[in-house]
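Below: the structure, in structure tokens.
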Amino acid sequence: MAGLFISFEGGDGAGKSTQLARLAQWFREQGREVVTTREPGGTALGNQLRDLVLHGEDVDERTEALLYATDRAHHVAEVIRPALARDAVVLTDRYLDSSVAYQGGGRGLTAERVEELNLWAVDGLLPEITVLLDLDPAHLPARLTGAPDRLERAGAEFHARTRAAFLERAAAHPDRFVVIDAAAPVEEIAAEIRTHVDAALARRGTA
Ligand code: TYD
């Protein structure tokens, strides 16, 4: 059985971590080794970078993009590739598409430049499936808890650009992306994700 790499993407407060935990449970019930992880912060260095980029001093957009890319490069080398090499299922809360959407779209560095930087950082590794939990940013205040971090404070227009960039990217890569309405009930979303993953595995011939 080969390793399987799945990323969860979407705006802040879209319910990614809940759905990631559900899917992890589903795979574990099938006896698969599952590695659940996140960006930024899937490693010890990553947690330090996470703290700097989310709660540190203000930085310009290129510095921000490089901090996320640094976290990602180390995360791939340290956690993701080794797990895939031992045939585990890797579920990550955010990956490269977050940088394309937030730094490329939100901050305006452009999708192409940010993708190029990050593909270099991860030496070309892309998920087999990307679950995009799409949520109208108007729902945001109700879902977020605690003090807002630097990205959450970036404003409504920033989050609208980020959402548009995610949807554009999904439309450009229909084989990899599944777009799900994050306003739907949790159970419904979980079932939709499982159906999609099942179908993808069946196509691959390893279900
Ligand atoms: P996190 O608490 O993980 O957000 P969420 O709960 O919404 O998943 O914080 C990560 C923040 O960093 C989030 O606002 C999105 C942002 N981000 C980027 O801007 N670029 C990236 O490449 C990644 C991975 C995250």
Side-chain angles (χ1 to χ4, degrees), residues 5-24 36-43 45-56 58-76 78-80 90-122 125-127 130-137 139-166 169 180 182-183 186 189:
F5 183 21
I6 301 179
S7 62
F8 285 74
E9 298 282 8
D12 303 76
K16 296 185 304 301
S17 50
T18 303
Q19 292 300 332
L20 188 150
R22 297 270 176 138
L23 193 66
T36 61
T37 186
R38 67 166 180 179
E39 291 188 356
T43 61
L45 173 64
N47 271 319
Q48 293 179 307
L49 290 168
R50 177 186 177 88
D51 210 38
L52 293 175
V53 77
L54 293 182
H55 307 290
D58 254 328
V59 291
D60 82 296
E61 62 268 15
R62 284 167 195 263
T63 309
E64 184 179 284
L66 287 164
L67 286 170
Y68 282 114
T70 304
D71 165 68
R72 183 163 300 123
H74 185 57
H75 187 212
V76 164
E78 196 73 9
V79 176
I80 300 177
V90 177
L91 305 181
T92 184
D93 189 336
R94 298 194 181 281
Y95 189 62
L96 183 146
D97 301 297
S98 271
S99 278
V100 173
Y102 282 81
Q103 281 65 56
R107 298 290 192 216
L109 289 174
T110 78
E112 295 72 21
R113 296 297 296 276
V114 174
E115 179 178 30
E116 187 185 10
L117 166 72
N118 278 279
L119 281 175
W120 179 82
V122 301
L125 181 70
L126 285 173
T130 296
V131 178
L132 174 58
L133 291 167
D134 179 51
L135 186 68
D136 185 334
H139 291 283
L140 195 60
R143 291 232 185 172
L144 286 180
T145 50
D149 62 40
R150 274 189 55 244
L151 276 287
E152 287 162 358
R153 288 196 303 266
E157 277 178 28
F158 172 86
H159 286 103
R161 284 197 300 277
T162 300
R163 182 192 189 199
F166 268 131
R169 193 144 173 86
I180 292 177
V186 170
I189 296 176

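Counting starts at 1 for both ligands and their atoms, following the listed order. Residue indices begin at 1 and follow the sequence shown.
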Nearest heavy atom to atom 15 (C) of ligand 1, choosing from F158, Y102, F8, belongs to Y102
Return a yes/no value for R72: is any of its N or O atoms, backbone included, closer than 3.5 angstrom to an N or O of ligand 1?
yes
Is it true that E9 and R169 have a side-chain N and a carboxylate O under 4.0 angstrom from each other?
no
Is the closest N or O pair between Y95 and ligand 1 shorter than 3.5 Å?
no
Step through it carefully: locate the ring centre of Y68, locate the ring centre of Y102, and say whether they are under 6.0 Å apart.
no
Kindly confirm or rule out an N or O of Q103 lying under 3.5 angstrom from an N or O of ligand 1.
yes
Proximal atoms of ligand 1 relative to K16 (non-hydrogen, under 4.0 Å)
5 (P), 7 (O), 8 (O)
For ligand 1, note which part of L96 has a heavy atom under 4.0 Å away: side chain, backbone, both or neither.
neither
Can you name the nearest heavy-atom pair linking S7 to P127, along with the distance?
OG-CG, 3.4 Å
Check each of R107, R94, R150 against atom 5 (P) of ligand 1 and report the one with the nearest heavy atom.
R94
Does G41 offer a backbone N or O that forms a donor-acceptor pair with the side chain of D71 under 3.5 Å?
yes
Would you say ligand 1 has an N or O under 3.5 Å from any N or O of Y68?
yes
Show me which atoms of ligand 1 lie under 4.0 Å from any heavy atom of L54.
9 (O), 11 (C), 12 (O)
Atom pair CD/CG of Q103 and L67 - distance to nearest 0.5 Å:
9.5 Å
Considering the heavy atoms of E39, write down every atom of ligand 1 situated less than 4.0 Å from one of them.
24 (C)
State the atoms of ligand 1, each with its element, that fall below the 4.0 Å cut-off from a heavy-atom position in G13.
7 (O)
Give, for atom CD of E64 and atom CZ of R107, the distance between the pair rounded to the nearest 0.5 Å.
4.0 Å
Closest non-hydrogen atom pair, V76 against V122:
CG2-CG1, 3.6 Å
Tell me if a side-chain donor or acceptor on R22 pairs with a main-chain N or O of S17 at a distance below 3.5 Å.
no
Separation of L109 CG from R62 CZ (nearest 0.5 Å):
6.5 Å
Do any heavy atoms of E64 fall under 4.0 Å from ligand 1?
no
Is E152 touching ligand 1 with its side chain, its backbone, both, or neither, if touching means heavy atoms under 4.0 Å apart?
neither
